[in-house]
> 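Just passing along the structure, written as structure tokens.
Residue numbering restarts at 1 for every chain, and letters A, B, ... go by the order of the sequence lines.
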There are 2 protein chains.
Amino acid sequence: MSPTHAPAGAVRQGSLRELNLALVLGRIAAADRPPSRADLATATGLTRATVSAVVEDLLAGRLVDEADPAPRAGAGRPARGLVLADQGPAGLGLEVNVDYLTVCVVDFAGQVRHRTVYRADLRPVAPADALARLVELAAQARADAARQGLTLAGAALAVPGLVDDTGLVRLAPNLGWHDVAVPALLAEHPALTEQVPGVPALVVDNEANLAALGELHSRPPGPASFLHISGEVGIGAGIVLDGALFRGVRGWSGEIGHLPVHPQGRPCRCGGRGCLEQYAGQEAIVAAAGLARAELPADTATARLAQLADAGDADALRALHDAGTALGVAVAGVVNLLDLDTVVLGGGYAPLAPWLCPPVLAEIAGRVLTAAWSPVTVRPSTLGAEAAAVGAAGSVVRRIVAQPAGWLTRTG
Amino acid sequence: MSPTHAPAGAVRQGSLRELNLALVLGRIAAADRPPSRADLATATGLTRATVSAVVEDLLAGRLVDEADPAPRAGAGRPARGLVLADQGPAGLGLEVNVDYLTVCVVDFAGQVRHRTVYRADLRPVAPADALARLVELAAQARADAARQGLTLAGAALAVPGLVDDTGLVRLAPNLGWHDVAVPALLAEHPALTEQVPGVPALVVDNEANLAALGELHSRPPGPASFLHISGEVGIGAGIVLDGALFRGVRGWSGEIGHLPVHPQGRPCRCGGRGCLEQYAGQEAIVAAAGLARAELPADTATARLAQLADAGDADALRALHDAGTALGVAVAGVVNLLDLDTVVLGGGYAPLAPWLCPPVLAEIAGRVLTAAWSPVTVRPSTLGAEAAAVGAAGSVVRRIVAQPAGWLTRTG
DNA sequence: GCTATTTGTTCAACGATTGAATTATTTGCT
DNA sequence: AGCAAATAATTCAATCGTTGAACAAATAGC
């Protein structure tokens, strides 16, 4: 339906090679099995000669490696498979959340090569101190990456809140942050990564957005368009449309937690009434299940809920069913609006998916006009609890996959 | 935020010129005043030599004309302005709706050059007969276009319902259509337009989508991202994101009429409960205002409502306020989800905007988390009642603007 | 009438892709 | 073993579009 869009800028002579580098590299990244040059030629529509030239550049820049010949039936010279290099540029993923800090490193091929989780209640900690601790963990990660032959090409930080495009955290309510200028605070510390043309040193983004990107680039890759819902204390969503994250006009899309599900219902801290968060947020579910919130650290609440539900606890089952119904009302609205066919439950919702999915699907079936013609899939996230950090690190290497020219000219 | 995306396909040698033709032509189309070749060079980043070569192609293909020299201060050789040609390819826009058929022709520069409206209640008419009547009107339009030196390069048909990508109308509830294969039915008639490479002979799409496209390409152009709500008997929305219409996975996005605003409220014909359509649809407003529906043809209902409200009729004012509040609840949800800063009220809502906007804005202010930082604009559509038909015709010429190579090789 | 200034064109050079021919390497068959 | 068929990958002259500098065109200001 949507035609090929021209690049925004001018198409210069050199852009040709730049674009074809990205095209070929993207195919290699998306392929199930290591493709040969001939495979790439037929897949992209380029000639074999051009593919060979492009691949030579990629090999010289160490973004791609030749793999063992893939077994193939029939006669003919065996192909040499091409895979993303596991020794090249890597991404540093950072996450600040209510009760933990996470740092991870993802290599160019998408493998997690380093992971650190530091558990602590971050709410009483000043933003500068939390970031300082994060920098320490990042320095260790960088050293570990260097030991493995990896070069950190950029970093991305996931925050549970609203971030503008300068990296300013306007509001992270559950964390208690307000107008925190992350890049300025980090500038006082030694650089986390190397400087690579085309790769910003640090990107700050919403955790729901980065978790959705993680899902998109996981193996097997997510569909081109889907909604990824991160159910934590707040409820955020990452919206992936046609293979790209949609961030909204100001970068604040995905506030699904404040979709009204009972317009005259419980007041919400956002000022509205009956927001989804009041019925399907972590605190609401825990309260409905009869668990005193103070007894449980936030990070074990969902585990405890899953345990109770698994054991057949009636209160827990009812709480999950009600939460799933509220979530389903909101999700049905989104599906009606955007015509998506896949909804991924991530974050705290992932372990609760067995109990949440049925009521969500029921609401979809009842409310979505087009559900009769084609079904909507609702499934848990394939990534674990630290999806946002992994997605953050992955977004760094993905940017190089999308624009390899910057990295190649760097190594010249 | 979102980086330049590479074209989906291979970038061949010839693609270079193809892409730059589109780039330069797009700049000419978007410019306020006729730009010179030098303006285009600085705006696009291409060299003046390349721009001259590209413009020469466009002039030879009669997609662009040279305009009178625009007045300019200072010394130097006067520039020759470039404008979209008004004699080149034109688009044919068609619309089938509950109580009228419309045909219009829009030239390459975006001007409406022909318009016919045929008023009749189409609900009792068989789809094939309605389309046959439409073809008659289209033939007259084609003859009129030919008299004006225009060539119809393609056609687009707006339908108030769900359309798949083959042109099959799966469901148009208010029209009573069900699984109508429009292209097959039209194939029996003489061709409406010429065959142009890269321009499909006929596109069938939802009226809300095409009306949104019309708004996007109107003068002055709409913002890059906005929501266009068509309030007719049903309520549909066209979603424009980053300058492109988002159609959803199957092309069925925009069903905002079935967003739940009172989850346990009135049952809706979609099977759900409390859908927006039950509170802000045309029939709901008319009923709430105490007007018997049978008294009024559908096309005068909104005019009558506006008249009453203007006169201070209490029932009408209350009905509009309630409808606006319901609409605001749904719109607030969409704005929270997509982070849009502009909402356009079109179709039947446009004349009612003075009374609908205040409650919509009130709900947005109360429910949208980010409303405090940056305001959301809610305004009526700039196009008139036949926005969908004009948008349909405009979408044809816009496709040529985006991909001029097809047209040029045709005349080549 | 002269100069500065800006617009637009011309032209040799360059870079990337192209397509055909060539080389490389294996399977299957006799 | 040996040979033909088949597939993979490379080489190379030709081609196409962009590039950048030089040049021609046209005007305002002095």
> Separation of A/L19 atom CG from D/dG17 atom P, in whole Å?
17 Å
> Which part of the nucleic acid, if any, lies within contact of A/T50, taking any heavy atom under 4.0 Å across all strands shown: a base, the sugar-phosphate backbone alone, or nothing?
base
> If I compare all heavy atoms of A/D339 with all of B/G251, which pair ends up nearest, and what's the gap?
OD2-N, 3.2 Å
> Which part of the nucleic acid, if any, lies within reach of A/A49 when heavy atoms closer than 4.0 Å are counted: base, sugar-phosphate only, or nothing?
base
> According to a strict under-4.0 Å criterion, is B/S52 in side-chain N/O contact with OP1 or OP2 of C/dT10?
no
> So do A/F246 and B/L241 actually touch side chain to side chain, heavy atoms under 4.5 Å?
yes
> D/dC12 C1' sits how many Å from A/E56 CD, rounded?
14 Å
> To the nearest Å, how far apart are A/D39 CG and D/dA8 P?
7 Å
> Between A/T50 (side chain only) and A/L46 (backbone N and O only), is there a donor and an acceptor less than 3.5 Å apart?
no
> Atom CZ of residue position B/R113 - does it have more than 12 heavy atoms of other residues, nucleotides or ligands inside 6.0 Å?
yes
> Check every strand shown and say whether B/R37 touches a base, only sugar-phosphate, or nothing at a heavy-atom separation below 4.0 Å.
sugar-phosphate
> Tell me the interatomic distance from A/L40, atom CG, to D/dA8, atom P, rounded to whole angstroms.
11 Å
> When you check the phosphate oxygens OP1 and OP2 of C/dT17, does a side-chain N or O of A/R17 lie under 4.0 Å from one of them?
yes
> To the nearest Å, give me how far apart CZ (B/R80) and C1' (D/dT27) are.
14 Å
> Between D/dA28, D/dA8, C/dG8, which one does the side chain of B/S36 approach most closely?
C/dG8
> Rounded to whole angstroms, how far apart are CG on A/L408 and C1' on C/dA16?
16 Å
> Taking all non-hydrogen atoms of both residues, which atom of B/V83 and which atom of B/A67 are closest, and how far apart?
CG1-CB, 4.0 Å
> Using only modelled atom types and a 3.5 angstrom limit, is any donor from either the side chain of B/R77 or the base of C/dT7 paired with an acceptor on the other?
yes
> Quick one: B/R48 CZ to C/dC11 P, roughly how many Å, whole number?
17 Å
> Ignoring backbone atoms, establish whether A/T47 has a side-chain N or O less than 4.0 Å from OP1 or OP2 of C/dT18.
yes
> Starting at atom CG of B/L46, determine the distance to atom P of D/dT19, rounded to an integer number of angstrom.
6 Å
> OP1 or OP2 of C/dT17 versus the side-chain N and O atoms of A/N20: is any pair under 4.0 Å?
yes
